Protein chains: 2
Amino acid sequence: MTTSTLVPVFAALGDETRWSILAALGEGDASASALAGRLPVTRQAIAKHLAVLQEAGLVESLRVGRELRYRVLGSQLSETARNLDRIGAEWDRRLSTIKQIAEGL
Amino acid sequence: MTTSTLVPVFAALGDETRWSILAALGEGDASASALAGRLPVTRQAIAKHLAVLQEAGLVESLRVGRELRYRVLGSQLSETARNLDRIGAEWDRRLSTIKQIAEGL
DNA sequence: AGTTACTGCAACCCTTTAGTTGCAGTAACT
DNA sequence: AGTTACTGCAACTAAAGGGTTGCAGTAACT
């Protein structure tokens, strides 16, 4: 996984409303209309957010009768978390190396 | 750590240029001016990005002579990664529980 | 003391994005 | 078959964000 696929994920997670949506979906799958009943924004706004989240691979959609339900993909979050941890550790490693060189060790 | 402190971190990580800056800082501490020499944006743009990154707690600044150097805080990334993993696992756990209930198990 | 080089602030532009309203389409249920 | 309810598309507004240029301030090296 490169950072080019990672950036949209973070961009998607960088919005409060989308977190509300994800949290609501954490309670169980739901459609845009159902979510609109619980959150203080219109269905269309939620639909846009869901599109962003789906594009980022954080949710998937499934048709159930006449409604389009969304499901949160927690595994994708964990995947992202692993990448983040790896990168953070790498930076720390490199910087401590640089520091040691600077100190002449 | 609540999501209210988490969201700005993700918002900060949701931009390509800021990743370039973080990557550059991963090679060693640098000032906004120094970074401007390596990246295809002006110093002022970089200064704004650094302010965002600092606000999110991803970098810290330190004065060295007349320049203000920035250092990437990899540990903060790892911290964020842990939170992300925890949340993702929680969603997966809840959803599998819901699924089991729905299946009457 | 004078010059140099780095930071800080302000104003501005353009694009993106979060949000809205309104309407058309269409697939389910009765 | 008719109604209901959910989705999809379009146009529009307002605010935020990434980027720029220009200038003032100031601390450091010679």
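Treat the numbers as computed from the prediction; the structure is a model and nothing was measured. Proteins come first, then strands; the chains are lettered A, B, ... in the order of their sequence lines, and each starts at number 1.
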Measure CG/B:Leu50 against C1'/C:dT7 and give the value in whole Å, please. 12 Å
Nearest-Å distance for atom pair CG/P, residues A:Leu68 and D:dC9: 12 Å
In whole angstroms, the gap separating P of D:dG19 from CG of B:Leu35 amounts to 14 Å
Okay, side chain of A:Asp85, backbone of B:Ala81: is any donor-acceptor separation there less than 3.5 Å? no
Take the protein atom CD of A:Glu16 and the nucleotide atom P of D:dA15, then report the distance between them rounded to whole Å. 19 Å
Whole angstrom is fine here: how far is it from CD in B:Gln44 over to P in C:dG8? 11 Å
What is the nucleic acid contact for A:Arg69, judged by heavy atoms within less than 4.0 Å: base, sugar-phosphate only, or nothing? nothing
Measure across B:Arg38 and B:Ala30 and return the closest heavy-atom pair with its distance rounded to 0.1 Å. NH2-CB, 3.9 Å
Does A:Thr17 have a side-chain nitrogen or oxygen under 4.0 Å from the phosphate oxygens OP1 or OP2 of C:dG19? yes
From the options D:dT7, D:dG18, D:dA11, select the nucleotide whose nearest atom is closest to the side chain of B:His49. D:dG18
What's the closest nucleotide to the A:Arg66 side chain, out of C:dA18, D:dA5, C:dT4? D:dA5
Across all strands shown, which nucleotide pairs with C:dT21 by Watson-Crick or G-U wobble geometry, both distances under 3.5 Å? D:dA10
Pairing partner of D:dG17, by Watson-Crick or G-U wobble and under 3.5 Å for both distances, is C:dC14
Residue pairs meeting salt bridge (charged side-chain N to carboxylate O under 4.0 Å, His left out), one or both in residues 24-37 of chain B, sequence neighbours left out, come to A:Arg94-B:Glu27, B:Asp29-B:Arg71
Under-4.0 Å side-chain N/O to phosphate OP1/OP2 contact, A:Ser33 with D:dA5: no
Just the rounded figure in Å: distance from C1' of D:dC6 to CD1 of A:Ile46. 14 Å
Can you classify the ring geometry of B:Trp91 versus A:Trp19 as parallel (below 30°), tilted (30 to 60°) or perpendicular (above 60°)? tilted
Can you tell me if A:Asp15 uses its side chain to pair, donor with acceptor, with the backbone of A:Ala11 under 3.5 Å? no
So, OP1 or OP2 of D:dG18: does either fall under 4.0 Å of a side-chain N or O from B:Arg18? yes
Can you tell me how far P of C:dA18 sits from CG of A:Leu53, to the nearest Å? 10 Å
First of A:Arg63 and B:Lys48 reached from the 5' end of DNA chain C, by closest nucleotide: B:Lys48
By the Watson-Crick or G-U definition, both distances under 3.5 Å, D:dT26 is matched with C:dA5
Please state whether the base of D:dG19 and the side chain of B:Arg43 form at least one donor-acceptor pair under 3.5 Å? no
Between B:Thr42 and D:dT20, does any side-chain N or O lie under 4.0 Å from OP1 or OP2? yes
In whole angstrom, what separates B:Asp29's CG from C:dC6's P? 16 Å
